[in-house]
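Comments concern the structure below.
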Amino acid sequence: MIKINTSHILPDTPYLLDGTESSDILELPPNSDPPLAPVGDITYHLSAVMAGADLIVTGNASVPLATVCARCLDDIHVPISVKDLCFHFEKVRDLEVDLTDDVREELLLAVPSCFYCSPDCKGICPVCGANLNHAPCSCDRSAAFEPEEVGPSPWDQLDALDFSTKPAKASKPAKASKPAKVAKTQKAPKKPKK
Ligand SMILES: [Zn+2]
Ligand SMILES: [Zn+2]
């Protein structure tokens, strides 16, 4: 628990609270994608001041996580850190304030949706699956990246349209297709249970 007893805070003097907290409080789901597992405690450095009866806490917190690179799938450890924590609690003079949930929430919000082992990770070869960061392979990857053949665009027909003032010959209207049968979905209202 990360707690501050506001009766310990002296006027005009920031109350410093540095420490560690078990990363169990993050309650990360066991089967997340990408996998996320804490590999160390949460570290925090907080500074608390009173503004009247209100408590203002600023500071930072971080936790190291194990996950995988989204490009090469290598196991990596990444620090999740929040540098600009700022919490405001109203009317808490001479009370104990629990910051655990607030710190937890800020750390979880700072977790990105994917991670990379390095900004210039080369990824894996789409042909042989080799990790290209470790060694280059000799596959011909040009075929793997060839874009699919694109057919004529339906918008091409717009080019053939004639917008001159000459009235266009009335063309035989296309036979309207039968409207698809609409499945009856509406059920008779259930009789209320007695
Ligand atoms: Zn990578
Ligand atoms: Zn390859």
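Each ligand, and each atom within it, is numbered from 1 in the order the structure gives.
Within a 6.0 Å sphere centred on CD of E105, heavy atoms belonging to other residues, nucleotides or ligands number 12 at most.
Geometry note: the Zn ion (ligand 2) is the vertex, C137 SG and C128 SG are the arms, and the angle is 110° (rounded to 10 degrees). One finds an angle of 110° at the Zn ion (ligand 1) between SG on C117 and SG on C121, to the nearest 10 degrees. For the pair SG of C72 and SG of C69, the angle at the Zn ion (ligand 1) is about 100°; rounding is to 10 degrees.
Between the side chains of D18 and H45, at least one donor N or O lies within less than 3.5 Å of an accepting N or O.
No donor-acceptor pair under 3.5 Å is formed between the side chain of S47 and the backbone N or O of L16. In this structure, the side chain of T13 engages the main chain of P11 through a donor-acceptor pair within 3.5 Å.
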